[in-house]
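First the structure, in the form of structure tokens, and then the observations on it.
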There are 2 protein chains.
Amino acid sequence: MSHLLSGRAETPTQSRILTYVRDEGPLSRMDLAARLNVSRTTVAAEVGRLVELGLAEDGGPAASRGGRRSTLVDLDAGLRFVGVQLGATSMRVAMTDGRLGVLARASSPGADIRRGPEAVLAEVIVLIRKVLADHGIERPAGIGIGVPGPVDFQVGVPVSPPIMPGWDGYPVRDALSREFGSPVLLDNDVNVMALGEQHNGVARSASDFLFVKIGTGIGCGIVVQRHLYRGADGCAGDIGHIRLDQNGPVCACGNHGCLEAFFGGAALARDATAAARTGRSDVLADLLEQHGSLTSEHVGLAITQGDPASLQLVRDGGRRVGDVLASLVSFFNPGLIVIGGGVAGLGHALLAEIRSVVYRQSLPLATGNMPVVLSELGNDAGVIGAARLISDAVYAAG
Amino acid sequence: MSHLLSGRAETPTQSRILTYVRDEGPLSRMDLAARLNVSRTTVAAEVGRLVELGLAEDGGPAASRGGRRSTLVDLDAGLRFVGVQLGATSMRVAMTDGRLGVLARASSPGADIRRGPEAVLAEVIVLIRKVLADHGIERPAGIGIGVPGPVDFQVGVPVSPPIMPGWDGYPVRDALSREFGSPVLLDNDVNVMALGEQHNGVARSASDFLFVKIGTGIGCGIVVQRHLYRGADGCAGDIGHIRLDQNGPVCACGNHGCLEAFFGGAALARDATAAARTGRSDVLADLLEQHGSLTSEHVGLAITQGDPASLQLVRDGGRRVGDVLASLVSFFNPGLIVIGGGVAGLGHALLAEIRSVVYRQSLPLATGNMPVVLSELGNDAGVIGAARLISDAVYAAG
């Protein structure tokens, strides 16, 4: 359990041992030798090395099968990963065990990505240190982090992120890695959310699926054959900036009529405020007076109070998201679409509208077996996915 | 060179030998042993088996490097693949060598896919028999065939193809395989055209790209990490039925306002005929009188004669294709877009309009390094790609 020497798997055999044990629980050395088609001596040597690396440990005696007794191999019980999800106005940290079960969470209520990388990362570091210290962990085996903007995954930096002023090219990965002495990977927030749903959510059995995040921004994680597809420049899935109407509202990206400018969280707050101020919704007007400003959550609350103007806002937005998704279904023929992110908290009114448009506009062949569902993990999707991102790298050979 | 016993590679090592020799030309056994990290004895045994299978042959002595003389290994010089491309109104057959160089071509001038599978395949079989007989080939090592509609690739049948009446579920693959005693693979026409451009065209060095066919129908081949992406139900790339306007013209699929209903070959012929009949284009009116009906080629001809109405038709169509592609660029972030198919014969007027819309509407990060180009292979893209499809299967292990 000591992590004096911690690291990554060094050989394909070590990697396969870790993956089997992660996915199926403790396995005997005999089992592993049979599955890997290698000798028990090889298994013993590779497991020994994994123990030295702090990745595996002795899991006690295996149930006897009549022959020689074998010993179980398990993931090191002290193995800890950290997943971080930064949103425009949210910051979540989770610490997991080796199978990515969440052991501790922390979040910051007043987070604002626009404060810039130094201030935001300083707060991230405080949160990580706190969850680690609370559980007596000195150093995590790895940290994954998702941010709300395009990322150069190879270099570990944000690239021209429209809603993250000051972050362009900032060495997020290396800054965290230096701070904790652990391997770190940085990715787009929708990519890590897609990984989270794949690991432990509604997309567990989907090979090709889309994870659509509707939050302050709108984006899409693309999974092809169980692997993230990032595109030629790493900016695949940027569906928030698909243009619906050249005469539409101005977008944060500078263009007019992007999907996000019609129905991101900011657009919904804008339209709800207008409805409150122009007398189209008394419910929203009351909420605005109480809180000083409106968010997508207030729109959801107004819907539960039977406010027709709020329902119409969500239906209009859902129809626009559905229009875009119908095109993507024709193009990509996914096996599943998962809807997540803060605005997805609007729930079934939104989902019903998206489904109605997608199922009406796409060819039957592409939608016959294609569910459109809400995220199962909610706020945990990003942090579990970020932990999965780095654990995959730690468990992969070399 | 005898093909008494012809078959597929049986082991991963045989497969790697064939792939190296295909891509790099004849290689010495010594070279192959070093590249594959296996003994020369193993190489000798595997090459011996490939010779028995009719896939490889002795390529003469290798240049001496001072040590023992080694013998070159080459693809069997008698190896022949057949590629077939069926369009709505076209039928092309090519016979290739093992590296997919085209040795012979045949086509049918009066082809019409609506004649149904028995009649069309009977003609395909006659064309294949002819190219084989002209070159003294008894049996090809494999046949690939592309058809203009959705395909169940695993089963080898078309699935509800809108412009192929009578073909739904017809066992195209098995019918051809029985006829020639060779392995056969069936795929969508745009998928095989994408493979053709990847093998020997403008997409040779692209890892992630889109091949957009604008012919009678409009479709898109999607290549991810150098492999075709077919989608969860095998109908990925069906962009011709993305809806642009619910009040638009009726489409062959039964919906209104699909991209294809605005600018497939049939739509362009319809609009050109209307322009001729309503006095908007004297040039098209003359062509209509001469030929009795109009095609996209006549529109191209009218443009070269300075007809503004024809140019406007192509610009309007290119803008609509560009609108769809701009969305797909935001979603998929391809490294390259290749435009092909019959209507692509309209050339630079069409390409200029598509480029203008795509580059204007997509985020700079996604288009900075993304060329939009015309197919280099033209009419050969489909037949070379179909040959590539089946040769990949023959060269792949068991």
Side-chain angles (χ1 to χ4, degrees), chain A residues 149-152 159-162 206-210 219-220 222 224-225 227 229-244 246 251 253-259 323-336 357 360-370, chain B residues 149-152 159-162 206-210 219-220 222 224-225 227 229-244 246 251 253-259 323-336 357 360-370:
Chain A
V151 159
D152 185 326
V159 180
S160 307
S207 166
D208 304 309
F209 73 96
L210 303 181
C220 180
I222 305 169
V224 174
Q225 311 260 303
H227 288 92
Y229 171 77
R230 293 191 169 86
D233 305 286
C235 61
D238 200 358
I239 65 171
H241 301 288
I242 288 179
R243 190 172 80 176
L244 302 184
Q246 58 180 326
C251 182
C253 75
N255 288 335
H256 282 75
C258 297
L259 174 62
D323 271 337
V324 167
L325 292 184
S327 299
L328 299 184
V329 166
S330 294
F331 172 71
F332 187 70
N333 183 207
L336 170 71
V357 175
R360 190 171 62 232
Q361 285 188 28
S362 310
L363 287 186
L365 182 58
T367 54
N369 303 310
M370 187 196 69
Chain B
V151 159
D152 185 326
V159 181
S160 308
S207 166
D208 305 309
F209 73 96
L210 303 181
C220 179
I222 305 169
V224 174
Q225 312 260 303
H227 288 92
Y229 171 77
R230 293 190 169 86
D233 305 285
C235 61
D238 200 358
I239 65 171
H241 301 287
I242 289 180
R243 192 171 79 177
L244 301 186
Q246 58 179 326
C251 182
C253 75
N255 287 335
H256 282 75
C258 298
L259 174 61
D323 271 337
V324 168
L325 292 184
S327 298
L328 299 183
V329 166
S330 293
F331 172 71
F332 187 71
N333 184 206
L336 169 72
V357 175
R360 189 171 62 231
Q361 285 187 27
S362 310
L363 286 186
L365 182 57
T367 53
N369 303 309
M370 188 196 69

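Computed over heavy atoms, backbone and side chain alike; hydrogens, waters and symmetry mates excluded. Naming convention: chains lettered A, B, ... in sequence-line order (proteins, then strands); numbering from 1 in each chain.
Considering only heavy atoms from C-beta on, A:F332 stays 4.5 Å or farther from B:D238 through its side chain.
Each of B:C253, B:G254, B:C235, B:A326 has some count of heavy-atom pairs under 4.5 Å with chain A, and the biggest count is that of B:C235. Across B:L328, B:I239, B:V329, the residue that shares the most heavy-atom pairs under 4.5 angstrom with chain A is B:L328. For the set A:G335, A:G237, A:S362, the count of heavy-atom pairs under 4.5 angstrom toward chain B peaks at A:G237. Most heavy-atom pairs under 4.5 Å with chain B, from the set A:N255, A:I222, A:D233: that is A:D233.
How far CZ of A:R360 is from CZ of B:R243: 6.0 Å, rounded to the nearest 0.5 Å. For the atom pair CD (A:Q225) and NE2 (B:H227), the distance works out to 9.5 Å, reported to the nearest 0.5 Å.
Contacts of B:C220 with chain A are made by side-chain atoms alone, with heavy-atom separations under 4.5 Å and no backbone atom involved. Of the atoms belonging to B:L336, not a single heavy atom falls under 4.5 Å from chain A. With a 4.5 Å cut-off on non-hydrogen atoms, B:P334 touches chain A through its backbone but not through its side chain. Residue A:L210 touches chain B through its side chain alone, counting heavy-atom pairs closer than 4.5 Å. Residue B:Y229 touches chain A through its side chain alone, counting heavy-atom pairs closer than 4.5 Å. Interface remark: A:N369 contributes side-chain atoms only to the contact with chain B (heavy atom separation under 4.5 Å). Using a 4.5 Å cut-off between heavy atoms, A:S160 makes no contact with chain B at all.
A pairwise comparison of heavy atoms in B:S327 and A:I242 identifies OG-CG2, 3.2 Å as the closest pair. Taking each heavy atom of B:G231 and A:D208 in turn, the nearest pair found is C-OD2, 4.3 Å.
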Under the side-chain contact (heavy atoms from CB on, under 4.5 Å) criterion, do B:V324 and A:F331 qualify, and how do the steps go? CA-CA 10 Å; B:V324 168; A:F331 172 71; over 6 Å; no
